[in-house]
Asker: 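Pasting a structure below so you can have a look.
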Amino acid sequence: MSILKKVSLSMILSLILFVSLNHTPIFAAALGDSLPQPENGWTRYDDTNPNITYDGNWNVNNGFSTNWNNGYTFTTDKDATAKFGFTGTKIRFVHTLASNNSEAILITIDGVSEIVNTKRTDTTNFALVYEKLDLEPGYHTMELKNINTPSGRLRVDAIDIDGELLPFTPEVPPVTEPEPEPELPSSDRAILVVTLTTGLEKEYDLPLADVNAFLNWYDSKDAGSGPAKFAINKYNNNKGPFTNRTDFVIFNNILHIEVNDYSI
């Protein structure tokens, strides 16, 4: 054997020994692969973990060696959900691939959703059906929802993460109290300016109640009911020698109305 062959063989044996001692797989699992045990750097959590919240009609199947911890939780109800929180930067969903599974599982992480099909002709246990990598360090939320027909089964077998499984506590955006509007001084009078179609402006200094009565008449007449004219009492404004002065404003002659409130 040549010196070159001896060196090459020695390097290969050293690499195999290094990998064996560190228990580190050369290739990471791919989607669809069977993953009976979590890979190095991952922690596996069972479907019975109390931090997983199940909403809807769910069932538990126990006594199956083909599932993590000999059992799994499943539902056939449409819109049934399972949700939890977690810390870390990556997550994997371990789920049996089978012919009676749901073709549409909605997986939502931190409000971003994807649809996963877990229905297969051949059964694969401990299957890696979904993973999300390169998340920002910190707390995240995950929700699983069955959006398929009721015959499709959503199974929860195990969750692999590089952090800790926690309760589902989505962040609620802080409520910003609106700035209180400044109080306006109470007004009891107003200057009513009525511009006629001829361009003439009629100005009246009136109690606010009179102005509101005028506006109510205008709105009613505009809707098709009420008299054609409105009597405005001019009170002591430019009264002169008259006992009373009243302006009759004709609806059809009104072009524009302006109201300026003020307080005494």
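The model shown is predicted, which means the values in this text are computed figures rather than measured ones. One is the number of the first residue; the rest follow in order along the sequence. All heavy atoms count here, side chains included; hydrogens, waters and symmetry mates do not.
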Asker: How about Asp46 and Thr48: does a side-chain donor come under 3.5 Å of a side-chain acceptor?
Answerer: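 Yes - a donor-acceptor pair under 3.5 Å links their side chains.
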Asker: Please answer whether the main-chain N or O of Gln37 pairs with a side-chain N or O of Trp42 as donor and acceptor at a distance below 3.5 Å.
Answerer: no
Asker: Quick check: do Arg92 and Leu35 have side-chain heavy atoms less than 4.5 Å from each other?
Answerer: yes
Asker: Check whether Thr124 reaches the backbone of Ser34 with its side chain - one donor and one acceptor, N or O, closer than 3.5 Å.
Answerer: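 Flag not set: sc Thr124 to bb Ser34 has no pair under 3.5 Å.
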Asker: Answer whether the closest heavy-atom distance between the side chains of Ile105 and Val129 falls below 4.5 Å.
Answerer: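 No, every pair of side-chain atoms sits at 4.5 Å or beyond.
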Asker: What's the separation between atom OG1 in Thr198 and atom CG in Asn253, rounded to the nearest 0.5 Å?
Answerer: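 Here the rounded value is 7.5 Å.
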Asker: Hey, quick one: are Ile91 and Val94 part of the same hydrophobic cluster, counting side-chain heavy atoms closer than 4.5 Å, chains of contacts allowed?
Answerer: no
Asker: Ring-plane angle category for Tyr218 and Phe251, please: parallel below 30°, perpendicular beyond 60°, tilted otherwise.
Answerer: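 The rings of Tyr218 and Phe251 sit tilted, inter-plane angle from 30° to 60°.
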Asker: Let me confirm one number: the CZ-CD distance from Phe168 to Glu143, rounded to the nearest 0.5 Å.
Answerer: 5.5 Å
Asker: With a 3.5 Å distance limit and no angle check, can you tell me whether Thr81 reaches the backbone of Lys145 through a side-chain donor-acceptor pair?
Answerer: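 Absent.
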Asker: Side-chain contact test, heavy atoms from C-beta onward, threshold under 4.5 Å: evaluate it for Ile191 versus Glu203 and give yes or no.
Answerer: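 Yes, their side chains come closer than 4.5 Å.
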Asker: Between Asp157 and Thr96, is there a side-chain donor-acceptor contact under 3.5 Å, judged purely by atom types and distance?
Answerer: no
Asker: Spell out, yes or no, whether Val116 and Ile52 are grouped together once hydrophobic residues are joined by side-chain heavy atoms under 4.5 Å, including indirect joins.
Answerer: yes
Asker: Looking at side-chain heavy atoms only, is the closest gap between Leu154 and His95 below 4.5 Å?
Answerer: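 Leu154 reaches His95 side chain to side chain.
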Asker: Under 4.5 Å between side-chain heavy atoms, counting indirect links through other Ile/Leu/Val/Met/Phe/Trp/Tyr residues: same cluster for Ile250 and Trp217 or not?
Answerer: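 No.
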Asker: Count the heavy atoms of every other residue, nucleotide or ligand shown that sit under 6.0 Å from NZ of Lys90, and state whether that count exceeds 12.
Answerer: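 Counting neighbours around NZ of Lys90, more than 12 heavy atoms of other residues, nucleotides or ligands fall under 6.0 Å, so yes.
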Asker: Tell me whether Lys229 at atom NZ has more than 12 heavy atoms from other residues, nucleotides or ligands lying less than 6.0 Å away.
Answerer: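 Atom NZ in Lys229 is not crowded, with 12 or fewer foreign heavy atoms closer than 6.0 Å.
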Asker: Do Asn61 and Asn67 touch side chain to side chain, with heavy atoms closer than 4.5 Å?
Answerer: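 Asn61 vs Asn67: side chains apart.
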Asker: May I have the step-by-step check of side-chain contact (heavy atoms from CB on, under 4.5 Å) for Glu201 and Glu258, ending in yes or no?
Answerer: CA-CA 10 Å; Glu201 285 189 353; Glu258 179 183 335; 5.9 Å; no
Asker: Within a strict 4.5 Å, meaning less than it, do heavy atoms of the Ser99 and Thr121 side chains meet?
Answerer: no
Asker: Should the ring pair Phe230 and Phe214 be called parallel, tilted or perpendicular, given that the plane angle runs from 0 to 90° and is split at 30 and 60?
Answerer: perpendicular
Asker: How are the rings of Phe84 and Phe86 set to each other: parallel, tilted or perpendicular (split at 30° and 60°)?
Answerer: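 If you compare the ring of Phe84 with that of Phe86, the planes turn out tilted.
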Asker: With a 4.5 Å limit on heavy-atom distance, are the side chains of Trp58 and Val156 in contact?
Answerer: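 Counting from C-beta outward, Trp58 and Val156 do come under 4.5 Å.
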Asker: Ile257, Tyr204: one ILVMFWY side-chain cluster at the under-4.5 Å cut-off?
Answerer: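 Yes: a chain of side-chain contacts under 4.5 Å links Ile257 to Tyr204.
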Asker: Are Lys221 and Ile254 close enough, and set up right, to give a side-chain contact (heavy atoms from CB on, under 4.5 Å), and what steps lead you there?
Answerer: CA-CA 12 Å; Lys221 185 59 181 174; Ile254 298 175; over 6 Å; no
Asker: To the closest 0.5 Å, what do you measure between CG (Leu200) and CG (Leu255)?
Answerer: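 If we round to the nearest 0.5 Å, Leu200:CG and Leu255:CG are 11.5 Å apart.
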Asker: Yes or no on side-chain contact (heavy atoms from CB on, under 4.5 Å) for Arg155 and Thr118, after CA distance, side-chain angles and deciding distance?
Answerer: CA-CA 9 Å; Arg155 308 175 192 235; Thr118 62; over 6 Å; no
Asker: What residues form a side chain to side chain donor-acceptor pair (under 3.5 Å) with Thr73, not counting sequence neighbours?
Answerer: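 Scan of Thr73 (side chain to side chain donor-acceptor pair (under 3.5 Å), adjacent residues dropped) gives Asp47.
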Asker: Do Thr89 side-chain atoms and Pro137 backbone N/O form a donor-acceptor pair below 3.5 Å?
Answerer: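 Side chain of Thr89 to backbone of Pro137, a donor-acceptor pair under 3.5 Å: no, none is there.
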Asker: CG of Asp160 to CG of Leu165: how many Å apart, nearest 0.5 Å?
Answerer: 11.0 Å
Asker: Sequence neighbours left out, what passes ring pair (Phe, Tyr, Trp, His ring centres under 6.0 Å) with Phe74? Give chain and number order.
Answerer: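 For Phe74, the residues satisfying ring pair (Phe, Tyr, Trp, His ring centres under 6.0 Å) (neighbours in sequence not counted) are Tyr72.
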Asker: Is a side-chain N or O of Asp210 found less than 3.5 angstrom from the main chain of Pro207, in a donor-acceptor match?
Answerer: no
Asker: Is Ile161 linked to Ile109 within one hydrophobic cluster, defined over Ile, Leu, Val, Met, Phe, Trp and Tyr using a side-chain heavy-atom separation of less than 4.5 Å?
Answerer: yes
Asker: List the steps, then state whether side-chain contact (heavy atoms from CB on, under 4.5 Å) holds for Arg189 with Leu208.
Answerer: CA-CA 5 Å; Arg189 295 190 68 83; Leu208 196 58; 5.9 Å; no
Asker: So do the side chains of Asp55 and Lys83 get within less than 4.5 Å of each other, counting heavy atoms only?
Answerer: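 Yes; the side chains approach each other to less than 4.5 Å.
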Asker: Give a yes or no answer on whether the side chain of Asp162 reaches the backbone of Gly41 with a donor-acceptor pair at less than 3.5 Å.
Answerer: no
Asker: Return yes if a side-chain donor-acceptor contact under 3.5 Å exists between Asn146 and Ser102, otherwise no.
Answerer: yes
